[in-house]
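What follows is a structure written as structure tokens; I'll ask about it next.
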Amino acid sequence: MDKSKPTNFIAQIISKDLQDKLTEKVVTRFPPEPNGYLHIGHAKSICLNFGLAREFDGICNLRFDDTNPEKESEEFVEAIIEDVRWLGFEWHGDVRYASDYFGQLYGWAVGLIEAGKAYVCELSAEQTREFRGTLTEPGRDSPYRDRPVTESLTLLEQMRAGEVAEGSMVLRAKIDMAAPNMNMRDPVLYRIKHVSHHRTGDNWNIYPSYDFAHGQEDAIEGVTHSICTLEFADHRPLYEWFIENLPVPSKPRQYEFGRLNLNYTVTSKRKLKQLVDQGYVDGWDDPRMPTLSGLRRRGVPSTAVLAFCDSLAVAKTDGIVDMAQLDHFIRQDLNEHTTRAMCVLKPLKVTLSNWPDAEEVLLATPNHPNRTDLGERELPFGQVLYIDCADFSEDTGLSRKKFKRLVLGEYVRLRGAYVIKADAAIHNESGEVTEILASIVPNTIGETPPEGIKPRGVIHWVAAHNCIPCDVNIYDRLFNKAAPGKGDSKLADDINPDSLTVVNGCKAEASLAAAKPGITYQFEREGYFCLDTRNGDAGHPVFNRTIALRDNWSAN
RNA sequence: UGGGGCGUGGCCAAGUGGUUAAGGCAACGGGUUUUGAUCCCGUCACUCGGAGGUUCGAAUCCUCCCGCCCCAGCCA
């Protein structure tokens, strides 16, 4: 990367710090709380933190901010680790945990009490709220604010030992109850939770608050630039207060940037958890979810996520990025790397009257229209084929411009194969077309048809005697409102009822029997698809549509 | 009506006093094409939330005003 031209304001700051010798080695960190799965918004943060470390030849830690055992679990830890790996980043050394530092943090809390800068407060949660004041009125000092140091020390020890009921006391910093910044009104440092922690078990009955933990964790790890999202800007003075008032080994600095917002979805772990817990989706990795695991299951390559993140601005503006921008990078990646295949979603039988009954041929077909390096495959062809119902019409009045598919009495090209003519349509009692009788135009493989034969277009197909029955999941946006849950609507009210359409009875070309999870294909004229990892089996696979092909036509 | 942050085309943005205000997405024209895909070409802000002011010169500096976001968890 070109160091002479920093890419964003944080890179500019780092660049200058390096120049001014304020730091010699850049240390960043990605600090997720293991209380849910990572989403696309986290990807931006991951790319930023790991990317900055890479750009400036520094290091980036992966640290779990596990200070609230009530909401956290090992399942989330594992999922997060997998997601970061999927994106291709490597953290420095071992995975870190805030819980590794609980002992050190406790020691510093004791030191703060001894210095007269913290006290055990016995106000109830409700009283604490009342004493805190409001946005426009100052708060009032807690009656416990000036209790003797020794008393606070004893009480804190009792809190730690599990001798005090939850909610009956907390440890607070003694700062300023009249501060205009609410975070400085004697913030809570420790609260009692008689809850076992996924890593420390029952060792602790008190757990540090975010504010009392985060900056010190950074300092312990030697983090130089602690990057977080905008909503933490108000916490910075407190972050700095701890750094200044504690004997920490280094002095990290906090910088805030605007988190990623995408329209027609939510990037909030809390809201995503709601969708999972209330059963609106099939788990955190439901392909409709903006989680990294959901995108992965849907068939989105990590490289597309990376390219998307690189396209985003790191700034302090709080905007909403259009989902179309993500879609663009997904299509761009998939178009270039994906091999082509054919799959008929709504099969309509086509019998070729001028093709010998049992004759089967294999047609060599390129796997990619513009990349010979991706090789070719053998497509079985025979007397009976399937094309998509939507690709045939009996309406001979349809203009060539409006309907570039098969029309009764006319010609169409079968992709990679012959030009055929629809001679007749067979109907059932209710008048629906059940089969087409057609004929091939000889010698049209790789050749333009003779004068006077003008195919209306090119359609995809599969051979009936050698294809794979499968189902296809067509996904649409999860929400039908650009800002789900905004205003007076509830999140659930804005869910798109048609976000999933299951198409049964599809027919895929034979080569797709070898489809593997994690590999996305382009089903020509339909979009990009990959094997679902949860449903289907070898004999009857289920494919998820990653994304449709761009379509400049259907909208007119 | 306290504090913090932000306002550049439909969306995301670059721009840090001196060419006709980058770029990407979207959109819209046209060309190529055995995917209505890809690809290619072209169009798309006399103007930077508004009003004043400083200056030879302002999106960039100053003043006032307007709008949006965040903060009153013993969540992070």
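Everything numeric in this text was worked out from a predicted model, so none of it was measured. Convention: sequence-line order gives letters A, B, ...; per-chain numbering from 1. Because only heavy atoms are used, hydrogens play no part in the values below, and waters and symmetry mates are left out as well, while side chains stay in.
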>> Rounding to an integer number of angstrom, what distance separates B/rU8 and B/rA21 when you compare their C1' atoms?
In response: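 It comes out at 8 Å once rounded to the nearest Å.
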> Picking from B/rG36, B/rC69, B/rG5, which would you name as closest to the side chain of A/Asp318?
Replying inline: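 Among B/rG36, B/rC69, B/rG5, the one nearest the side chain of A/Asp318 is B/rC69.
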> Counting only distance, no hydrogens or angles, is the base of B/rG4 paired donor-acceptor with the side chain of A/Asn181 under 3.5 Å?
Replying inline: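 No pair found.
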> What distance separates A/Arg405 CZ from A/Arg400 CZ, expressed to the nearest 0.5 Å?
Replying inline: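 Nearest 0.5 Å value for the CZ-CZ distance: 14.5 Å.
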>> Whether A/Arg63 engages the ring of A/Phe30 as a cation-pi pair (distance to the six-membered ring centre under 6.0 angstrom, angle to the ring normal within 45°) should be assessed.
In response: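 No - A/Arg63 does not lie over the ring of A/Phe30 by the 6.0 Å and 45° rule.
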> Where does B/rG73 fall, syn or anti, if syn means a chi angle no more than 90° from 0?
Replying inline: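 You should classify B/rG73 as syn.
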> Within 45° of the ring axis of A/Trp461 and under 6.0 Å from its six-membered ring centre, is that where the NZ or CZ of A/Arg415 lies?
Replying inline: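 No cation-pi geometry.
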> Going by modelled atom types, is there a donor-acceptor pair between the base of B/rU35 and the side chain of A/Gln522 at under 3.5 Å?
Replying inline: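 Looking at the base of B/rU35, it does pair with a donor or acceptor on the side chain of A/Gln522 (distance under 3.5 Å).
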> Any donor-acceptor pair under 3.5 Å joining the side chain of A/Arg405 to the base of B/rG36?
Replying inline: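 Answer is yes: a donor-acceptor pair is held.
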> Over how many whole Å does the gap from A/Glu217 atom CD to B/rA76 atom P extend?
Replying inline: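 One finds 10 Å between P of B/rA76 and CD of A/Glu217, rounded.
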>> How many whole angstroms separate atom CG of A/Asp176 from atom P of B/rA72?
In response: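 One finds 18 Å between P of B/rA72 and CG of A/Asp176, rounded.
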> Can you tell me if A/His198 and A/Glu74 form a side-chain donor-acceptor pair at under 3.5 Å?
Replying inline: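 The criterion, which ignores hydrogens and geometry beyond distance, is satisfied for A/Glu74 and A/His198.
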> Can you tell me how far P of B/rC39 sits from CZ of A/Arg331, to the nearest Å?
Replying inline: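 Rounded to the whole Å, the gap is 12 Å.
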> Over how many whole Å does the gap from A/Tyr418 atom OH to B/rU34 atom P extend?
Replying inline: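 Spelled out: OH on A/Tyr418 to P on B/rU34 is 19 Å.
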> Under 3.5 Å, side chain of A/Thr317 to main-chain N/O of A/Gly319, donor-acceptor pair present?
Replying inline: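 No, because the side chain of A/Thr317 does not come within donor-acceptor range (under 3.5 Å) of the backbone of A/Gly319.
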> Checking all strands, does A/Phe232 fall into the base, sugar-phosphate, or nothing category for heavy-atom contacts under 4.0 angstrom?
Replying inline: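 Base contact.
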>> Taking 5.5 Å and 30° as the limits, would you call A/Trp553 and the base of B/rG36 a stacked pair?
In response: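 Yes; centroid distance and tilt both under limits.
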> Ignoring hydrogens and geometry, is there a side-chain-to-backbone donor-acceptor pair from A/Asn335 to A/Gln332 under 3.5 Å?
Replying inline: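 Checked: no pair found.
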> Is A/Lys316 touching bases, backbone alone, or none of the nucleic acid, heavy atoms closer than 4.0 Å?
Replying inline: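 Since only primed, P, OP1 and OP2 atoms lie under 4.0 Å of A/Lys316, the category is sugar-phosphate.
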>> Tell me the interatomic distance from A/Leu312, atom CG, to B/rC11, atom C1', rounded to whole angstroms.
In response: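 Taking atom C1' of B/rC11 as the reference, CG of A/Leu312 is at 12 Å.
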> To the nearest 0.5 Å, what is the distance between OG1 (A/Thr265) and NZ (A/Lys481)?
Replying inline: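 With rounding to 0.5 Å, OG1 (A/Thr265) is 14.5 Å from NZ (A/Lys481).
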>> Under 4.0 Å, heavy atoms only, any strand: does A/Leu238 hit a base, just the sugar-phosphate, or nothing?
In response: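 Since no nucleic acid heavy atom lies under 4.0 Å of A/Leu238, the category is nothing.
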>> Whether the A/Asp388 and A/His460 side chains hold a donor-acceptor pair (N or O, under 3.5 Å, no angle test) is what I'd like checked.
In response: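 Result is no, nothing qualifies.
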> Can you check whether A/Arg259 has a side-chain N or O nearer than 4.0 Å to OP1 or OP2 of B/rC70?
Replying inline: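 So the side-chain polar atoms of A/Arg259 never come under 4.0 Å of the phosphate oxygens OP1 or OP2 of B/rC70.
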> What integer distance in Å separates A/Leu260:CG from B/rC11:C1'?
Replying inline: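 So the two atoms are 13 Å apart, to the nearest Å.
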>> Please report the distance, rounded to the nearest Å, between CG in A/Asn552 and P in B/rC25.
In response: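 My rounded result for the distance is 13 Å.
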>> Could you check whether the side chain of A/Glu447 and the base of B/rU34 have a donor-acceptor pair of N or O atoms closer than 3.5 Å, going by distance alone?
In response: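 It does not, because no donor-acceptor pair links the side chain of A/Glu447 to the base of B/rU34 below 3.5 Å.
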>> With nearest nucleotide decided by heavy atoms, which residue, A/Glu166 or A/Arg525, maps closer to the 5′ end of RNA chain B?
In response: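 Mapping each residue to its closest nucleotide by heavy atoms, the 5'-most match is A/Arg525.
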>> Students often get this wrong, so: under 4.0 angstrom with heavy atoms, is A/Gly446 touching a base, only sugar-phosphate, or nothing?
In response: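 Base contact - A/Gly446 has a heavy atom under 4.0 Å of at least one base atom.
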> Taking CG from A/Asn68 and C1' from B/rA76, how many angstroms apart are they, rounded to a whole number?
Replying inline: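 Checked: the CG to C1' distance equals 8 Å.
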> Please, what dot-bracket string fits RNA chain B when only Watson-Crick and G-U pairs with both distances under 3.5 Å count, crossing ones use [ ] and pairs to another strand use |?
Replying inline: .(((((((.[[[..)..(....]]].(((((.......))))).....[[[[[..)....]]]]])))))).....
>> Checking contacts here: which listed nucleotide (B/rC74, B/rU35, B/rC75) is nearest the side-chain heavy atoms of A/Val458?
In response: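 Closest of the options to the side chain of A/Val458: B/rU35.
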